[in-house]
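Data block below; observations after.
Numbering of ligands and ligand atoms starts at 1, following listing order. Index from 1, following the sequence. For the numbers below, each heavy atom of this structure counts, side chains included, while hydrogens, waters and symmetry mates do not.
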Amino acid sequence: MSRPISATVSVAAMRHNLARVRALAPGARVWAVVKANAYGHGLEAALEGFREADGLALVEFDKARALREAGWQRPILMLEGAFDEADVAQAARDRLSLVVHEPRQVDWVEAARPAEPIDLHLKFNSGMNRLGFDEAGLRQAHARLSGLPGAGAIALVTHFANSDLPGGANAAIASFERATAGLAGERSLANSAAVIAVQPAHRDWVRPGIMLYGASPFADRSAADCGLKPAMKLVSRLISVRTLAAGESVGYGSTFTADRPMRVGVVACGYADGYPRHAPTGTPIAVAGRRTRTLGRVSMDMLVADLGPVPQARAGAEVELWGGGVVDIDEVAASAGTIGYELMCALAPRVTLRVDRAEP
Ligand SMILES: *Cc1c(COP(=O)(O)O)cnc(C)c1O
């Protein structure tokens, strides 16, 4: 028998979350962001869940090829653009749109002389200071690209550093406006947080990622509160149950010690499955549908749950790590000092990924 841990991805939840994007940004077209293996959910599920999206956006050129081979016909946007000149040739062959954030990416388009013009998304640095041109650089790149036969439509894009904070995108929007004033082309600014909370950023195309997977882009607002449904359910089972006597500890480093007799369950899930090792004692977990907490350190293949609230639980009982309706991935992330994004993306290859195609 295989280990009992598995992740189930709900196509219906992904569709629901995409519909939520449409309702929030009715005037915009939607790039569904599927980088990092669709935030750990798998491209197979993403192709079904986001069939109604206007385009897919990612950063991996091999995966863009896989999307074309799987039959995706609509636009594909490469969010970091080309990494070398050969990527420009692939973009022409596979009809990929490219972000352009560096002068050398303009050089590659010029040198590659693609047979088919490539749609380009010129990136403005609105304060993240990671990728993108300043205003002068943007206008220069725009002028150069406008004269190239290999360049198709030129769009203007930016990515927010602080759209999850109230008013956090205002300065970035203003600087984007100044930098792009008078330039023709479609605009794309909004990530998930801006889709939900920054209406003036919606424009021609929005670029939601995390919300499509049913987690929250905000530290202080739950996914359910944003009208989202979790797309990934991570479950496993108890593989052993024991009673700790008062004074006995559990796990590496003996970081948790019982102060009275306690029943505890050993769960077949550890950091080698993608569960965060930094999740401390008290991280929420559900056993047989009842909410309880983890105890002691997470190890490679196992962690331990307090069975106080579920005295009837035996070895074999089902355990929800997140996404099953009792434990929110964002709660586990917050307890471990990280964000839902990281937990989804870190789901390990050894965890069986199932696609649930049931209608809601
Ligand atoms: C990842 C990414 C997004 C999606 O961000 P979320 O916070 O997951 O919605 C949007 N735009 C760019 C450029 C990205 O890299």
Side-chain angles (χ1 to χ4, degrees), residues 13-14 17-18 20-22 24-25 28-41 43 46 49-50 53-61 63-64 75-83 96-102 105 119-133 155-165 168-169 172-173 176 186-199 201-221 223 226-228 230-232 329-330 333 338-346:
M14 293 165 111
N17 296 331
L18 177 58
R20 190 79 193 111
V21 173
R22 297 269 188 218
L24 287 160
R29 276 165 288 160
V30 179
W31 292 112
V33 179
V34 299
K35 62 192 177 190
N37 196 30
Y39 290 46
H41 294 66
L43 291 179
F50 308 145
D54 299 291
L56 298 177
L58 72 173
V59 298
E60 304 92 350
F61 279 80
K63 296 298 188 288
I76 294 177
L77 172 60
M78 306 309 294
L79 292 167
E80 293 180 335
F83 301 97
L96 311 178
S97 306
L98 298 177
V99 163
V100 173
H101 60 78
E102 271 276 316
Q105 293 178 319
D119 289 345
L120 300 168
H121 293 235
L122 265 184
K123 184 161 193 164
F124 174 66
N125 170 24
S126 57
M128 178 87 89
N129 293 313
R130 214 174 49 175
L131 300 181
F133 296 100
L156 300 162
V157 307
T158 195
H159 190 53
F160 297 129
N162 297 301
S163 55
D164 55 326
L165 305 174
I173 294 173
F176 178 81
E186 292 182 334
R187 268 62 172 170
S188 176
L189 295 81
N191 56 3
S192 294
V195 168
I196 296 167
V198 192
Q199 199 274 336
H202 292 172
R203 308 300 169 89
D204 299 299
W205 289 81
V206 293
R207 301 188 311 269
I210 194 72
M211 69 183 294
L212 293 174
Y213 304 100
S216 174
F218 305 108
D220 56 357
R221 207 173 150 190
C226 299
L228 305 170
M232 180 194 289
I329 192 170
D330 293 317
T338 183
I339 52 178
Y341 296 71
E342 187 181 15
L343 300 192
M344 293 174 180
C345 294

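- Annotation: Y341 places an N or O atom under 3.5 Å from an N or O atom of ligand 1; distance criterion only.
- Looking at R207, E80, H101 and measuring to atom 4 (C) of ligand 1, the nearest heavy atom belongs to R207.
- Atom CZ of R130 and atom CG of N125 lie 10.0 Å apart (nearest 0.5 Å).
- At least one N or O atom of S192 sits closer than 3.5 Å to an N or O atom of ligand 1.
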*Go through the steps to decide whether D54 and R22 satisfy the test salt bridge (charged side-chain N to carboxylate O under 4.0 Å, His left out), and finish with yes or no.*
CA-CA 11 Å; D54 299 291; R22 297 269 188 218; 2.8 Å; yes

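- Using a 30° and 60° split on the angle between ring planes, Y39 and Y213 fall in the parallel class, below 30°.
- Distance check: W31 CH2 to H121 NE2 gives 5.0 Å after rounding to the nearest 0.5 Å.
- When only non-hydrogen protein atoms are considered, atom 8 (O) of ligand 1 lies nearest to Y39 OH, 2.5 Å.
- Atoms CD and NZ, from Q105 and K123 in turn, are 10.0 Å apart once rounded to the nearest 0.5 Å.
- Side-chain contact between P217 and N191 is absent, with no heavy-atom pair separated by less than 4.5 Å.
- In summary, the atoms of ligand 1 found under 4.0 Å from a heavy atom of P208, numbered by their order in the structure, are 9 (O).
- Residue I210 places at least one N or O, backbone or side chain, under 3.5 Å from an N or O of ligand 1.
- By the 3.5 Å distance cut-off applied to N or O atoms, V33 is not counted among the residues near ligand 1.
- At the shortest separation from atom 2 (C) of ligand 1 among protein heavy atoms lies K35 NZ, 2.6 Å.
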